[in-house]
There are 2 protein chains.
Amino acid sequence: MNDDSMTSDEVFEAISHPMRIEILRLLARKPVRFADLKRKLRIESSGQLDFHLKKMTGIVVTDSDGNYTLNDRGYAALTAVDMVSRHGWQRRAYIIAFLTYAVMNVYFILMVPLGWWFVIFLITTAWILFYSYWTFIKRRIRLRRNGEISNE
Amino acid sequence: MNDDSMTSDEVFEAISHPMRIEILRLLARKPVRFADLKRKLRIESSGQLDFHLKKMTGIVVTDSDGNYTLNDRGYAALTAVDMVSRHGWQRRAYIIAFLTYAVMNVYFILMVPLGWWFVIFLITTAWILFYSYWTFIKRRIRLRRNGEISNE
DNA sequence: TCTTAAGGTCAATAATCATTGACTTGTTGG
DNA sequence: CCAACAAGTCAATGATTATTGACCTTAAGA
């Protein structure tokens, strides 16, 4: 297979199985040899590992010592996996940030003289506005999910 | 299917087919209805579209008007697709940037008095160092690829 | 020399995926 | 009322994917 002729869907095909994602994560840490991979994945079948490694041709290469490792497209795939995995946390992080903003300002309204409170209010509001823009416009995160397709 | 219980490999399964990636890109632009989707994909079979839309349950939802659209995980998948698609360009962009840096400095060495040239050299070198760090360490781009697995 | 391990390949089978085409159930315009 | 279209569902089929287990070759250690 020509390395440059790979399309996006082929990359995602290469990581659309739990074991292949585990392999991707293992190889991202450090290059690993065949038998080591088998042990770390807790499988006995060589054929199974062979099958999944062949599916990952185009993302996985062998170095001069015979260790399996990721090529640059493999690292791109890894960051794609991380992005999808962490996506739920971006929503949670925003909620926590907003609550912090709210609690902080209520506290300062009650405790701090007007002049100082107003400075804090300006700074934290500018911050939460920028963070909101980044979250909802740039990254297109939504706080509430839409309804699912009804097919059950 | 519970929306929150989706694993990464299921997301990638949902986009590991050319038609499903095309659907993802179409729905990212604006919500589309079933028959419109069929026309834009230039297919006649309703069953085929039904099959692929069902595979995308968990990233695709229907809004109140019956239009198909992406949920937040769908947009995460889209950015993953974009990242993988654009990956080749990150390498090219770096090469162009480096050549610009080199040509610019050669030009200024020849044309500009020493004092000014040194300022420009400092600024552009700081820039190329930061860009190199970002490219090779943070994003793990490689200029030359490693050898492929030999299995042909 | 015999055994064990590494580093795989291959064939058979079961399970899943993808496509086709027939079918259903509304809705809308003439 | 009828035709045409929207918005699907479903069964059948062939193609592909995933797993298992047998097999092979090479190298090291007892």
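Labels below follow one simple rule: chain letters A, B, ... track the order of the sequence lines, proteins then strands, and each chain is numbered from 1. Everything numeric here is computed off the predicted structure, so don't read it as measured data.
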Exercise for the section: Using only side-chain N and O atoms of A:Lys54, determine if any of them is under 4.0 Å from OP1 or OP2 of C:dG8. Expected result: no
Below the 4.0 Å mark, does C:dA6 have OP1 or OP2 next to a side-chain nitrogen or oxygen of A:Tyr68?
no
In terms of heavy-atom contacts, B:Leu24 and B:Leu78 come closest through CD2-CA, 3.7 Å
Closest heavy-atom pair, A:Val11 versus A:Arg73, reported as atoms and distance to 0.1 Å, is CG2-CD, 3.4 Å
Just how far, in rounded Å, is [atom2] of [N] from [atom1] of [X]?
{"X": "B:Asp65", "N": "C:dT27", "atom1": "CG", "atom2": "C1'", "result": "16 Å"}
{"X": "B:Met56", "N": "C:dA18", "atom1": "CE", "atom2": "P", "result": "12 Å"}
{"X": "B:Asp63", "N": "D:dA7", "atom1": "CG", "atom2": "P", "result": "12 Å"}
{"X": "B:Arg33", "N": "C:dT28", "atom1": "CZ", "atom2": "C1'", "result": "12 Å"}
{"X": "B:Arg42", "N": "C:dT19", "atom1": "CZ", "atom2": "P", "result": "14 Å"}
{"X": "A:Leu41", "N": "C:dG7", "atom1": "CG", "atom2": "P", "result": "14 Å"}
{"X": "A:Asp50", "N": "C:dG7", "atom1": "CG", "atom2": "P", "result": "13 Å"}
{"X": "A:Leu53", "N": "C:dG7", "atom1": "CG", "atom2": "C1'", "result": "11 Å"}

Looking at B:Glu13 and B:Lys55, is there a salt bridge between them, counting it only when a charged N and a carboxylate O are closer than 4.0 Å? yes
Ion pair A:Arg20/B:Asp9, N-O distance below 4.0 Å:
no
Report task. Report the relative orientation of the aromatic rings in A:Trp127 and A:Tyr131; use parallel for angles under 30°, tilted for 30 to 60°, perpendicular for over 60°. Result -> parallel
For residues 97-106 of chain B, the side-chain hydrogen bond (donor to acceptor under 3.5 Å, both in side chains) pairs (sequence neighbours left out) are B:Tyr101-B:Thr125, B:Asn105-B:Thr124
Distances under 3.5 Å only, N/O to N/O: pair up the protein atoms with those of nucleotides 2-4 of chain D.
none

Could you go through nucleotides 12-14 of chain D and list every protein N or O atom that sits under 3.5 Å from one of its N or O atoms, giving the distance for each pair?
none

Test your reading of the model: is there a side-chain donor-acceptor pair from [X] to the backbone of [Y], 3.5 Å cut-off?
{"X": "A:Glu10", "Y": "A:Thr7", "result": "yes"}
{"X": "B:Arg91", "Y": "B:Trp89", "result": "no"}
{"X": "B:Arg29", "Y": "B:Leu27", "result": "no"}

B/S/- along nucleotides 16-22 of chain D (protein heavy atoms under 4.0 Å) is -SBBBB-
Tabulate below the donor-acceptor pairs under 3.5 Å that side-chain atoms of residues 30-37 of chain A make, not counting sequence neighbours, or state none.
from	atom 1	to	atom 2	distance (Å)
A:Asp36	OD1	A:Arg39	NH2	2.6

Those residues at least two apart in sequence (or on a different chain) that pass side-chain hydrogen bond (donor to acceptor under 3.5 Å, both in side chains) with A:Tyr94 are A:Ser132
